[in-house]
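These notes are about the structure you will find just below.
Note that the numbering runs from 1 along the sequence shown for the chain.
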Amino acid sequence: MNKKSKIKNQKTKYFRSLFSGLCILTSVACLLFSAVGCEAFTRKFTRKSKKPEATVEMVLTPQEYKGPDMTKEELYRQHYLYWSSWQDELINALTQKASLKKKVDCASEALKNLVNMKMMLVTDAQKNFDLEIVKLNDLLADIKSDVYGANDSRNLQVAQRIKSSMHKGFIYPKIRNYLK
């Protein structure tokens, strides 16, 4: 072998070892980068922890809301209006063969407003009111027992009678002298 070929062999061995070293070095660098990862990239795909919502301060002593001050007349008229609208809703529910739940809710709300109206009257006038409350209470019991709505027409007539007797005897101009 001549001198030139030896030098050439040495150079090629040197470049091969240099090239293999660079390949190993870049492979190690790529492994490190992939193991560590790009921070922005990893931030995009990591689940963010849920921040606890703002803590609500507990109310230890309940405060009663009084509402706007209303006169006895306004309160009676308001309860009468509520009763009348619930009674109308009950009549509509009975006419349209609505669900049992709807009929019971309407009758219950109407009864509740009747009781509120009764509490605003003096004891003498409350006796007359008791008859209407008993009628509505009986109607509510009849509606609850009539699961399939077979007696809706009879219940409708009773509801209409209750409404007409209330409109005749317990409107505000006739009852204003009996308010507490």
Side-chain angles (χ1 to χ4, degrees), residues 41-180:
F41 186 77
T42 56
R43 257 189 288 143
K44 274 186 193 176
F45 295 105
T46 54
R47 183 173 287 216
K48 291 169 182 64
S49 63
K50 293 184 180 178
K51 295 178 183 174
E53 294 181 19
T55 57
V56 178
E57 187 177 316
M58 287 180 39
V59 178
L60 299 177
T61 56
Q63 296 176 352
E64 185 177 333
Y65 177 69
K66 304 261 182 189
D69 290 333
M70 297 175 79
T71 64
K72 294 175 186 176
E73 171 192 351
E74 291 171 333
L75 279 173
Y76 184 84
R77 286 180 186 236
Q78 184 180 36
H79 288 300
Y80 185 84
L81 178 67
Y82 290 161
W83 166 82
S84 180
S85 63
W86 279 110
Q87 192 73 16
D88 289 339
E89 191 75 24
L90 174 63
I91 290 170
N92 287 339
L94 289 168
T95 304
Q96 298 171 356
K97 305 279 187 192
S99 69
L100 178 66
K101 184 177 188 283
K102 173 76 172 173
K103 293 183 265 189
V104 169
D105 285 346
C106 292
S108 299
E109 288 295 322
L111 182 63
K112 181 179 82 171
N113 285 296
L114 269 183
V115 170
N116 288 340
M117 289 165 57
K118 175 189 169 189
M119 293 301 143
M120 299 179 70
L121 301 175
V122 294
T123 54
D124 295 339
Q126 284 183 0
K127 293 175 186 173
N128 297 333
F129 224 83
D130 284 335
L131 181 62
E132 302 303 322
I133 291 175
V134 167
K135 286 180 190 176
L136 191 56
N137 212 357
D138 291 342
L139 177 63
L140 178 61
D142 289 344
I143 290 172
K144 283 182 181 178
S145 66
D146 186 24
V147 178
Y148 298 109
N151 296 327
D152 277 352
S153 60
R154 188 183 65 77
N155 292 338
L156 175 63
Q157 290 174 352
V158 172
Q160 288 172 338
R161 272 190 248 127
I162 292 171
K163 182 179 178 182
S164 66
S165 67
M166 283 294 295
H167 282 307
K168 286 178 187 173
F170 295 101
I171 58 173
Y172 178 73
K174 290 186 178 181
I175 210 79
R176 72 171 160 229
N177 296 330
Y178 298 105
L179 290 176
K180 286 184 188 178

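- Residue-environment remark: NZ (Lys168) stays at or below the threshold of 12 foreign heavy atoms within 6.0 Å.
- When all heavy atoms are compared, the tightest approach of Val147 to Leu100 is CA-CD2, 4.2 Å.
- Going from atom CG of Asp138 over to atom CD1 of Ile133 covers 12.0 Å, rounded to the nearest 0.5 Å.
- A salt bridge is absent between Arg77 and Glu74: the closest approach of a Lys/Arg side-chain nitrogen to an acidic carboxylate oxygen does not fall below 4.0 angstrom.
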Under 3.5 Å, sequence neighbours excluded: what are the donor-acceptor pairs made by side chains of residues 103-113?
residue, atom, partner, partner atom, Å
Lys103, NZ, Asp152, OD1, 3.1
Lys103, NZ, Asp152, OD2, 3.1
Ser108, OG, Val104, O, 2.8
Glu109, OE1, Lys112, NZ, 3.1
Asn113, ND2, Glu109, O, 2.9

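- In plain terms, the two heavy atoms of Ser84 and His167 that are nearest each other are OG-CE1, 3.9 Å.
- Side-chain contact between Lys102 and Gln96 is absent, with no heavy atoms from C-beta onward closer than 4.5 Å.
- One finds no salt bridge joining Asp146 and Arg154 here, because no Lys/Arg side-chain nitrogen approaches an Asp/Glu carboxylate oxygen to under 4.0 Å.
- Distance check: Met117 CE to Tyr172 OH gives 12.5 Å after rounding to the nearest 0.5 Å.
- Taking CG of Leu136 as the reference point, atom CH2 of Trp86 lies at 13.0 Å (rounded to 0.5 Å).
- The shortest non-hydrogen separation linking Phe129 to Leu114 is CE2-O, 3.2 Å.
- Inter-residue side-chain proximity for Leu90 and Lys163 is flagged as unmet; no heavy-atom pair is nearer than 4.5 Å.
- Counting heavy atoms of neighbouring residues, nucleotides and ligands inside a 6.0 Å radius, atom NZ of Lys135 exceeds 12 of them.
- One finds the CG atom of Asn137 at 12.5 Å from the CD atom of Glu132 (value rounded to the nearest 0.5 Å).
- Rounding to the nearest 0.5 angstrom, the gap separating the OG1 atom in Thr123 from the NZ atom in Lys118 is 10.5 Å.
- Between Leu179 and Val122 the shortest side-chain heavy-atom distance does not fall below 4.5 Å.
- Met120 contributes atom CE, which lies 5.5 Å from atom NE2 of His79 (distance to the nearest 0.5 angstrom).
- Annotation: side chain of Asp142 is not in contact with side chain of Asn151 (no heavy-atom distance under 4.5 Å).
- Ring centroid separation for the pair Tyr80 and Phe170 does not come in under the 6.0 Å cut-off.
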